[in-house]
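Inspection log for the structure reproduced underneath, given as structure tokens.
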Amino acid sequence: MTRMTQNLLGGPPPTELPDNAEARTALANGVDPFEVAARHPDHPGAWAELADRAFANGSVIDSYAFARTGYHRGLDQLRRAGWRGQGPIPWEHEANRGFLRALHALGRAAAAIGEDDEAERCRTFLRDSSPTAADALTAS
């Protein structure tokens with residue numbers, strides 16, 4: 001759902017993804033993200049969690065693949081929510097966090113395998129979409 005607020009800067013309004021409360025709650029309650037991804041393959045948060053775990057375990061290629069899946073699932077949802085390739089995707093909206101985490105994870109894994117152009121594109125996209133997310137995710 002796109003928030004219909006007046007944007008005084010003249011840019012596109014913030015885009016808010018629809019919430020998948022069942023998937024989000026399952027992850028928050030410690031359900032294995034593989035199980036959540038299998039039940040909710042369109043939930044970017046499950047893929048982002050898988051990407052983070054794989055990266056932490058040294059499985060960079062697995063992390064890259066999981067992150068790319070979450071990124072593309074999130075892009076599909078953003079477009080359905082009215083996003084046209086630019087504009088804010090607020091970290092403050094809980095349902096956006098899975099996509100933003102997947103975008104961050106994709107950039108991190110791309111950097112780890114030397115795909116520097118992709119890593120920079122992801123960093124820029126993240127910062128342009130949500131400076132708050134970029135700060136929160138790069139601080140951790």
Is the count of non-hydrogen atoms from other residues, nucleotides or ligands lying under 6.0 Å from N29 atom CG greater than 12?
yes
Tell me whether the count of non-hydrogen atoms from other residues, nucleotides or ligands lying under 6.0 Å of CD in E120 goes above 12.
yes
The complete set of salt bridge (Lys or Arg N to Asp or Glu O under 4.0 Å) pairs with one or both residues in residues 86-96, sequence neighbours excluded, reads E94-R97
Pairwise salt bridge (Lys or Arg N to Asp or Glu O under 4.0 Å) hits with a residue in residues 67-84, at least two apart:
R68-E118
Parallel, tilted or perpendicular: which fits the ring planes of F125 and Y71, with parallel below 30° and perpendicular above 60°?
perpendicular
List the atom of [X], the atom of [Y], and the distance in Å for their closest heavy-atom pair.
X: P88; Y: P13; result: CD-O, 4.1 Å
X: G98; Y: P44; result: C-CB, 3.7 Å
X: L126; Y: A133; result: CD1-CB, 4.0 Å
X: F55; Y: A112; result: CE1-CB, 4.0 Å
X: F99; Y: G70; result: CD1-O, 4.5 Å
X: G107; Y: C122; result: CA-CB, 3.5 Å

Should [X] and [Y] count as side-chain neighbours, where that means a heavy-atom distance under 4.5 Å?
X: H104; Y: T138; value: yes
X: P90; Y: S130; value: no
X: L137; Y: W91; value: yes

Which pairs with one or both residues in residues 48-59 pass side chain to side chain donor-acceptor pair (under 3.5 Å), sequence neighbours excluded?
E49-R53, E49-R101, D52-R101, D52-R108
Answer yes or no: is there a donor N or O on one side and an acceptor on the other, between the side chain of [X] and the main chain of [Y], under 3.5 Å?
X: N96; Y: L17; value: yes
X: N20; Y: H43; value: no
X: D116; Y: A111; value: no

Excluding sequence neighbours, so at least two apart, what forms salt bridge (Lys or Arg N to Asp or Glu O under 4.0 Å) with E35?
R39
Rest of the hydrophobic cluster containing F66 (Ile/Leu/Val/Met/Phe/Trp/Tyr, side-chain heavy atoms under 4.5 Å)?
F34, W47, L50
Which hydrophobic side chains are connected to L27, either touching it within the sub-4.5 Å cutoff or through other members that do?
V31, V36
Nearest 0.5 Å, please: how far is CD in E16 from CD1 in I89?
11.5 Å
Gap separating the NE2 atom of H72 from the CD atom of Q77, nearest 0.5 angstrom:
13.5 Å
